[in-house]
Amino acid sequence: MDAFYASVATRDRPELRDVPVIVGGGYRGVILSANYHARAYGVRSGMPSTRARRLCPDAVRVPADHELFGTVSRAVVENFRRVTPQVEVVSLDEAFLDVRGSTRRLGTPIEIAEHLRAVIHDEQGITCSVGVAASISVAKLASRRAKPDGVVVVPPQEITSFLHPLDVGELYGVGEKTQAVLHRLGLVTVGDVAHTPLRTLQRAVGEGLGRMLHDLAWGRDTRAVTPGRVSVFGYGGDPDKSMGAQETFGRDIDDREVILREVLTLSAKVAERMRVAGVAGRTVSLTVRFADFTTLTRARTIPEATDVTQEIYRAAVRLYDALGLQRARLRLVGVRVEGLVPRSSVHRQGVLGERDRGWSEADRAVDRATRRFGRAAVQPASLLDRAAGRDEASSTGPPGARSERSTGEAPLPVGTKSSEHS
DNA sequence: TCTGGGGTCCTAGGACCC
DNA sequence: TCTGGGGTCCTAGGACCC
């Protein structure tokens with residue numbers, strides 16, 4: 001899709017059609033998308049909103065509506081699947097289709113491309129661009145070339161003449177850092193990479209990446225379109241290998257108590273998603289980012305896989321304390337659980353002295369309650385007054401009204417907002 | 001008002017085992 | 001009497017993608 005989030009966010013607002021529009025990206029954030037009017041000013045997805053604002057002060061800001069994005073995305077993917085079941089969904093706004101099996105029924109790949117573009121335009125009111133080629137990587141580059149609202153076909157005999165003039169940064173796997181390394185070697189175009197000895201390339205960027213770039217630069221890409229490979233929200237895909245959550249604070253924080261409350265919030269969020277997905281994991285990792293943006297991660301593997309909020313939280317707190325931060329100002333904190341396996345494959349070892357009904361059962365009760373009564377229904381007690389603070393901020397109460405908290409220790413008890421459900 | 005949040009994969013070193 | 005080779009697991013950091 002072309003400027004997907006921006007297109008969807010403005011499709012029912014004709015008054016925004018001819019003005020620069022920026023989607024998402026509030027305080028301390030990055031923008032999600034920008035329409036082509038805004039891009040003309042140099043605004044790009046992923047750009048800090050402050051910078052976008054500087055580049056294009058007149059842009060209209062539109063909030064992200066993820067539910068709507070998902071709905072439109074699913075409708076578009078349905079259109080793809082009517083062409084072929086061989087659809088690999090890469091993200092909400094991008095997919096690969098292997099149409100070899102569809103040409104007899106639907107015509108040439110170009111005809112299929114134009115058909116899809118027309119249907120998506122008519123049904124969803126947004127435009128998209130299509131690259132047609134004999135491999136995934138070339139099709140992807142061709143689609144980029146086709147934007148906005150176009151089709152680019154790269155026939156097999158034109159692959160190298162299409163690829164070689166492109167900037168190395170266009171290649172999959174070449175980001176800012178790798179591009180700088182290649183530029184230092186005097187490699188600016190894809191053709192330069194293609195004509196560099198493999199070993200030289202591998203010395204510069206590593207064995208695996210060097211091999212991949214050399215292949216891609218010659219259009220060698222035999223990977224098949226694989227339906228359901230990537231896990232995109234709502235499309236299934238392979239099981240996740242890790243799940244995590246992180247949060248950038250509104251302002252940098254040096255207070256252990258505040259930081260650990262966030263760690264608990266994140267642990268609960270991750271654990272709940274794990275329980276919904278039916279997975280458990282053994283390695284808990286904690287990420288902290290300091291005010292100067294330097295970032296540390298620490299990981300600890302526990303004896304048995306868990307999906308229990310308190311166990312993840314306890315491991316994360318140990319990692320945090322082991323850092324020995326002396327009131328360093330943190331910009332971000334994150335919790336991730338890795339090495340996920342199906343929960344059904346985990347058999348818990350009974351521990352002497354441990355209650356056989358414990359936090360795991362409590363978590364499940366909390367899950368049931370929040371499903372029925374909403375997220376605020378049951379929370380760790382240590383998070384309750386903060387939740388109240390949020391309510392105040394969003395409604396009428398004084399934002400500063402917060403009660404004193406006792407200690408930084410163990411926000412263990414599960415509290416309830418209403419006495420009815422415990 | 002500089003730099004989100006969700007992920008994956010690779011590399012490299014050390015511990016440990018056979 | 002001075003140090004092999006292969007494998008796995010764990011940790012930390014980094015790069016990248018959407």
Side-chain angles (χ1 to χ4, degrees), chain A residues 1 3-5 23-33 44-55 57 64 66 69 73 88-96 136-137 140 143-144 168-182 202-213 216 229-235 237-252 266 269-270 273-274 277 281-303 315 319 322-323 331-340:
Chain A
M1 304 304 114
F4 179 62
Y5 300 113
V23 182
Y27 182 76
R28 271 195 154 182
V30 304
I31 68 167
L32 203 53
S33 180
R44 296 287 179 271
S45 305
M47 179 180 278
S49 6
T50 50
R51 177 137 181 259
R53 161 74 25 146
R54 261 201 314 277
L55 287 169
H66 293 282
F69 299 152
S73 172
E88 179 169 335
V89 178
V90 178
S91 66
L92 281 190
D93 72 335
E94 180 178 354
F96 297 112
I136 284 177
S137 61
K140 161 100 178 162
S143 79
R144 209 178 278 164
V168 279
E170 299 274 316
L171 288 177
Y172 186 92
V174 179
E176 200 183 347
K177 306 286 180 176
T178 304
Q179 182 167 36
V181 170
L182 295 172
Q202 289 177 315
R203 263 199 306 279
V205 302
E207 199 179 317
L209 185 58
R211 158 72 63 187
M212 182 174 87
L213 296 185
L216 292 179
R229 187 183 68 93
V230 180
S231 173
V232 179
F233 183 76
Y235 299 113
D238 289 352
D240 286 325
K241 296 178 176 175
S242 70
M243 285 189 188
Q246 57 181 52
E247 173 92 350
T248 296
F249 296 114
R251 57 183 173 81
D252 300 336
L266 296 169
K269 192 168 167 184
V270 171
R273 282 173 51 212
M274 291 172 64
R282 283 182 59 207
T283 303
V284 176
S285 89
L286 178 83
T287 298
V288 298
R289 175 170 294 154
F290 298 103
D292 69 357
F293 223 71
T294 58
T295 306
L296 299 181
T297 81
R298 291 291 183 269
R300 181 190 180 95
T301 299
I302 55 183
L319 291 166
L323 286 171
R331 178 189 180 87
L332 167 148
V333 64
V335 174
R336 176 165 292 276
V337 181
E338 304 165 39
L340 302 185

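Here is how names work: the chains are called A, B, and so on, in the same order as the sequence lines, proteins then strands, and each is numbered from 1.
- The base-pairing partner of B:dC10, taking Watson-Crick or G-U wobble contacts with both distances under 3.5 Å, is C:dG13.
- One finds a side-chain N or O of A:Lys241 lying less than 4.0 angstrom from the OP1 or OP2 phosphate oxygen of B:dC9.
- Between B:dG5 and A:Lys269, no contact under 4.0 Å exists linking OP1 or OP2 to a side-chain N or O.
- The gap from the C1' atom of C:dG4 to that of B:dC16 amounts to 16 Å, rounded to the nearest Å.
- Residue A:Arg331 has a polar side-chain atom (N or O) positioned under 4.0 Å from OP1 or OP2 of B:dG4.
- Using a 90° window around 0 for the glycosidic torsion, B:dC2 falls outside it and is classed as anti.
- Across all strands, A:Leu332 comes closer than 4.0 Å only to sugar-phosphate atoms, never to a base (heavy-atom distances).
- Under the 3.5 Å distance criterion, the side-chain polar atoms of A:Arg282 are matched with a main-chain donor or acceptor of A:Ile302.
- Between A:Ser242 and the phosphate of B:dT8, there is a side-chain N or O to OP1/OP2 separation shorter than 4.0 Å.
- Of the candidates C:dC18, B:dG5, C:dC10, the closest approach to any side-chain atom of A:Val90 belongs to C:dC18.
- Aromatic stacking is marked for A:Phe293 over B:dT3, as both cut-offs hold: 5.5 Å for the centres and 30° for the planes.
- For the pair A:Ser73 (side chain) and A:Leu92 (backbone), a donor-acceptor distance under 3.5 Å is present.
- Taking side-chain N and O atoms only, A:Arg298 has no distance below 4.0 Å to OP1 or OP2 of C:dT11.
- Regarding contacts with the backbone of B:dG4, every side-chain N or O of A:Arg28 stays at 4.0 angstrom or more from both OP1 and OP2.
- The nucleotide whose nearest atom lies closest to any side-chain atom of A:Pro48 is, among B:dT3, C:dC16, B:dT8, B:dT3.
- Minimum atom distance to the side chain of A:Thr178 is reached by C:dC16, of the listed B:dG5, C:dC16, C:dC18.
- Among the atoms of the strands shown, only primed sugar atoms or phosphate atoms (P, OP1, OP2) are found under 4.0 Å from some heavy atom of A:Tyr172.
- In this structure, A:Tyr5 and A:His66 have perpendicular ring planes: the angle between them is above 60°, well past the 30° mark.
- Considering only the side chain of A:Arg282, C:dC10 comes nearest among C:dC10, B:dG4, C:dT11.
- Neither OP1 nor OP2 of B:dT3 sits under 4.0 Å from any side-chain N or O of A:Thr50.
- The shortest distance between the side-chain N/O atoms of A:Thr297 and the OP1/OP2 oxygens of C:dT11 is not below 4.0 Å.
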